[in-house]
Amino acid sequence: MVSDVIHNLFDLTGRAALCTGAASGIGRRMAWALSQAGADVFLADRDAGGLAEAEAEIRETGRRAAFMAVDLTDRSRLQELVKAATSAFGPPRILTNAAGINLRQPIDQITDESWDLTLEINLTAPFFLSRSCVPGMKAAGGGHIINVASLQSFRAFANSAPYGASKGGIAQLTRAMAEAWSADGIIVNAIAPGFFPTKLTQPVYGNPEILAHNARMTAIGRNGELEDLDGITVFLAGPGSDYITGQVIPVDGGFSAK
Ligand code: NAI
């Protein structure tokens, strides 16, 4: 039997969460995990069909969810998103910044547009969206922000210069946001996933040799499954992590430890 003291560290009942990238993959799983810990989740993504599916999946479990389709590269809409989330469930106390892209271009084929787009969605949107959530979090007595970093926050992979730059940037942005806001009770951390099966990694998952190589690179001996993210997401979104801030936590089966 889990005691109340411990149970309460992981209980998100009634906390409002805003989750980006929630139509697919990692962001969708993070939103689902938060909902299962009791949070009311507001889902944001540019993919309206995926959002509707994700919302239904959560509602089927008896939890509360709502969504807004939005292109997060449009900075003018970020305030509107926070307002919509606030109207649905109150000011977000939890924010997960998971929307992201990797265009996988060889370095000499990167264009102004592909560079800007990657940085805008992977790095700039998390900053401006987080900052838009800060007043509500402060008024509520604190909050938890979870960014999504990558193995590429620490090392280079082929055909990923803008992606790697954005992920190195998000690691540092996590520290900067923690430095600025933690004294107000706003806890900011990032997870750095290894290889997980999502739309973004389809090119990797379509290549059994690379996939097996990536699995061998981990200490555990396999690539990630989306449910491997549940524990860390709930932990970093609630009181259990209240004295951990500005950290980038690998969730990679030990890939980065070897
Ligand atoms: P995914 O492609 O399944 O999900 C990304 C979501 O972001 C999609 O639903 C997409 O519609 C949304 N999105 C992209 N651009 C958007 C925009 N301009 N406005 C609104 N929504 C937008 O990919 P995945 O893998 O779930 O990616 C989630 C995060 O995890 C990304 O930040 C990615 O860099 C990161 N990541 C993923 C890893 C993996 O192995 N899958 C490993 C390390 C990090």
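Please read all numbers here as calculations on a predicted model, not as lab measurements. The figures here come from the full heavy-atom set of this structure, side chains too, leaving out hydrogens, waters and symmetry mates. Counting starts at 1 for both ligands and their atoms, in listed order.
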| request: Would you please name every residue forming a side-chain hydrogen bond (donor to acceptor under 3.5 Å, both in side chains) with Thr245, sequence neighbours left out? | output: Ser182

| message | Test of understanding: clusters of I, L, V, M, F, W, Y form through side-chain heavy atoms closer than 4.5 Å, transitively. Do Leu229 and Val204 belong to the same one? | response | no

| request: Would you please name every residue forming a side-chain hydrogen bond (donor to acceptor under 3.5 Å, both in side chains) with Glu80, sequence neighbours left out? | output: Arg77

| query | If you round to the nearest 0.5 Å, how far is CE of Met68 from CZ of Arg46? | reply | 15.0 Å

| Shell of residues surrounding ligand 1, defined by a 4.0 angstrom heavy-atom cut-off that is strict | Gly21, Ala23, Ser24, Gly25, Ile26, Asp45, Arg46, Val70, Asp71, Leu72, Thr73, Ala98, Ala99, Gly100, Ile101, Ile121, Val148, Ala149, Ser150, Tyr163, Lys167, Pro193, Gly194, Phe195, Phe196, Thr198, Lys199, Leu200, Thr201

Show me the donor-acceptor pairs, under 3.5 Å and distance only, between side chains in residues 98-109 and residues at least two apart or in other chains.
residue: Asn102; atom: OD1; partner: Arg104; partner atom: N; Å: 3.1
residue: Asn102; atom: ND2; partner: Ser160; partner atom: OG; Å: 3.4
residue: Arg104; atom: NH2; partner: Leu200; partner atom: O; Å: 2.6
residue: Gln105; atom: OE1; partner: Ser114; partner atom: OG; Å: 2.7

| message | If hydrophobic clusters are built by linking Ile, Leu, Val, Met, Phe, Trp and Tyr wherever their side-chain heavy atoms come under 4.5 Å apart, do Leu123 and Leu78 end up in the same one? | response | yes

